[in-house]
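FYI, side chains are in, hydrogens and waters are out, and symmetry mates aren't considered; it's all heavy atoms of this structure.
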Amino acid sequence: MATTEHPPPSRLRAWMLEGLSDMGKGRQAAPRPAKPEPVHKGQRWWRVMCLTGVDYFSTLGYQPGIAALAAGLLSPVATIVLVVVTLAGALPVYRRVAEESPHGEGSIAMLERLLTFWKGKLFVLTLLGFAATDFLITITLSAADASTHLVENPHLADALHDRQVLITLVLIALLGAVFLKGFLEAIGVAVALVGLYLALNVVVVVTGLWHVATEGHVISDWSTALTAEHGNVFAMVGVALLVFPKLALGLSGFETGVAVMPHVEGDPDDTESDPKGRIRGTKKLLTTAALIMSVFLIATSFITTLLIPEKEFESGGEANGRALAYLAHEYLGNAFGTVYDVSTIAILWFAGASAMAGLLNLMPRYLPRYGMAPHWARAVRPMVIVFTLVGFLVTWIFDADVDAQGGAYATGVLVLISSAAIAVTIAARKAGQRNWTIGFAVISAVFLYVTVANVIERPDGVKIGACFIAGIILVSLLSRLARAFELRVTSVTMDGMAQRFVRDIASRRIRFIANEPDNRDITEYREKIEQIRADNDVPAQEDFVFVEVTVLDPSEFEAGLTVRGEVLHGRYRVLTLESSSVPNALAALVLHVRDTTGCIPHIYFEWTEGNPFTNFLRFFLFGQGEVAPVTREVLREAEPDRARRPRVHVG
């Protein structure tokens, strides 16, 4: 199709929008198919696991301390409960999510299919709000925790005193800079950090277990105190279940593991509709990460509980928020402890990388498709800048306080896991898998309980999540309003009969009549032609082709257009279209006809009765309303050259 020429974009703009098929909003004379994207070869699953693992594995920096504060001597038992829920609950759920949503949309896409129209869009925006809460708070909380380790280091305390907010902002900016450079660089950094951090933790764990084994009295002292405090095994398990919601941060990482699926290397014969290799690789990623983390969680919880005095876990204690670092310094010396501190700070800083990757995969998949974000939101670099600036704002609001952000983080994680569990339960039920349906339903109940318990204990998480949701919905609706008059039909396809109608009428003057189908009887079409001739003083010898648009889902923003031709009552030629918006469909049709025939089409309307504001709302929400002026405005936006613009007549 012919398009309006535009000057080439500046080098900065081209760099910012690199990889975006539609370079910015622009104005194009007619819709055109996007250029085929090059095949993304992806990365080995274990490399992508390191990207999600910087979030998941970095929780070892604070999870043992959280467990000790929440459960005391029961910390190893409570951690075992967490591991059981991870391996028997979260892991099967997300392995199924990987099967059902192999393009990285996650459980949100699965639930989106259950709802249509605006209620479906609003539901997805709500889940995106919780996803944004989870991912953005991951970025800010991890950076704040890393800066806390720096500020509290005895060698740096004087120099960095009262500069935690500034340090956190610098760390977030550096994270954004990595993603501005490129995704492959982010994966490379993640592999190096995860490899070093896990290796150092292996040394700490082995050393701790050796001390537990050689100091036999610590086990007997712990078991005696545990029995005296809780009585029997059943009481211990009961208490562990009650404190389990406080340990829920140990479940982070699964949603991002699915969100970055498109970056996992698949088999050579993988297709977009059936990427079996990518699914298999993602399952390996999820399972391996869960097993590694489970081993570390149990081992670290055991050695920290037995080897660290209880008072050191409390606020102001040397093991508060840094239990494993405490053991590293205590048993391996300050030199090794300093190396361990540096690796912990580095992985906590880069833990935001998996969250950034999740955001960059989720948001551009939904918001631009809904018309609720500008075209540039499909490009990576502008979105990195936006998310980095939001991270700055969150850090400033919470004064880089880790504890203040913990409730929002846990709420985001648990809501997403609960929604995933519900989604796979529904999927299993639809597939007729009775046993899986029962199993996933039980898992859903467990996660819903944990979510509710967490919300009751820390309601600030829901409040923060509500702010993100309100912000996303408000910005999305304003963006859709600003883009209301864009030509948003991605392609036009005409069947053989429709092409014949166009070829025939192009030999004279192309005249279309926009008709809202009613009874579709012979009287309707005869009277419509007579009305158009009278209103516009068209000679009797001129003939017309009717165009009728049926609105399907008005909440959809962009889609392809299929045009079918039919002859009604032996004499009236009618083109039928299905679209989310009548004016956009009509504008796309006449532009397509102009480009294929080289002739300027004319299209005729009758004025719509009613209040103009009400008609605009009908157009915005339901794709109808004031059709004639909106069609003309869409054409004006799409084709600035008046000489080449199809003619709109209203009588």
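A donor-acceptor contact shorter than 3.5 Å is absent between the side chain of Trp349 and the backbone of Ala143. For Ser101 (side chain) and Ala98 (main-chain N/O), no donor-acceptor pair under 3.5 Å exists by modelled atom type. The backbone N or O of Leu348 lies less than 3.5 Å from no partner atom in the side chain of Ser58, so there is not a single donor-acceptor pair. Counting only distance, with no hydrogens or angles, the side chain of Thr52 and the backbone of Met49 share a donor-acceptor pair below 3.5 Å. Between the side chain of Thr214 and the main chain of His211, a donor-acceptor pair closer than 3.5 Å is present. Under the 3.5 Å distance criterion, the side-chain polar atoms of Thr224 are left unmatched by any main-chain donor or acceptor of Asp221. Not a single donor-acceptor pair under 3.5 Å links the side chain of Thr140 to the backbone N or O of Gly391. The closest donor-acceptor contact from the side chain of Ser142 to the backbone of Ile139 lies at 3.5 Å or more, if one exists at all. Remark: side-chain polar atoms of Asn201 are paired, donor with acceptor, to backbone N or O of Tyr197 under 3.5 angstrom.
When the shell of 6.0 Å around CH2 of Trp436 is examined, it contains 12 or fewer heavy atoms from other residues, nucleotides or ligands. Other residues, nucleotides and ligands contribute more than 12 heavy atoms inside 6.0 Å of the CD atom of Gln433.
Between Ser419 and Leu127, the closest side-chain pair of non-hydrogen atoms falls below 4.5 Å. Here the side chains of Thr388 and Leu175 are not in contact, with every heavy-atom distance at 4.5 Å or above. With a 4.5 Å cut-off on side-chain heavy atoms, Tyr340 and Val203 do not count as touching. Side-chain contact between Arg278 and Asp267: absent, with no pair of heavy atoms (C-beta onward) separated by less than 4.5 Å. Between Ile422 and Phe440, every side-chain heavy-atom pair lies at or beyond the 4.5 Å cut-off. Proximity of Leu60 to Met293: side-chain heavy atoms (C-beta onward) are separated by under 4.5 Å at one or more points. The closest side-chain heavy-atom distance from Arg47 to Glu265 is not below 4.5 Å. Annotation: side chain of Ile417 is not in contact with side chain of Val93 (no heavy-atom distance under 4.5 Å).
Shortest non-hydrogen contact noted between Leu73 and Ala225 is CD1-CB, 3.6 Å. The two atoms that bring Cys50 and Val194 nearest to each other are O-CG2, 3.4 Å, heavy atoms only.
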**Report entry** Evaluation steps, side-chain hydrogen bond (donor to acceptor under 3.5 Å, both in side chains), between Asn454 and Thr411
**Finding:** CA-CA 7 Å; Asn454 181 77; Thr411 299; 3.2 Å; yes

Query raised in the report: Could you go step by step and tell me if Ser147 and Thr168 meet the side-chain hydrogen bond (donor to acceptor under 3.5 Å, both in side chains) rule?
Result: CA-CA 6 Å; Ser147 66; Thr168 302; 2.9 Å; yes

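Atom CG of Leu74 is separated from atom CH2 of Trp222 by 8.0 Å, given to the nearest 0.5 angstrom.
For Thr425, the side-chain hydrogen bond (donor to acceptor under 3.5 Å, both in side chains) partners are Ser444, not counting sequence neighbours.
Just one residue in the list Leu448, Val413, Val450 forms a side chain to side chain contact (heavy atoms under 4.5 Å, CB included) with Ser418, and that residue is Leu448.
Relative orientation of the Tyr94 and Phe254 rings is parallel, given thresholds of 30° and 60° on the angle between their planes.
Between Glu100 and Arg96 a salt bridge is recorded (basic side-chain N to carboxylate O distance below 4.0 Å).
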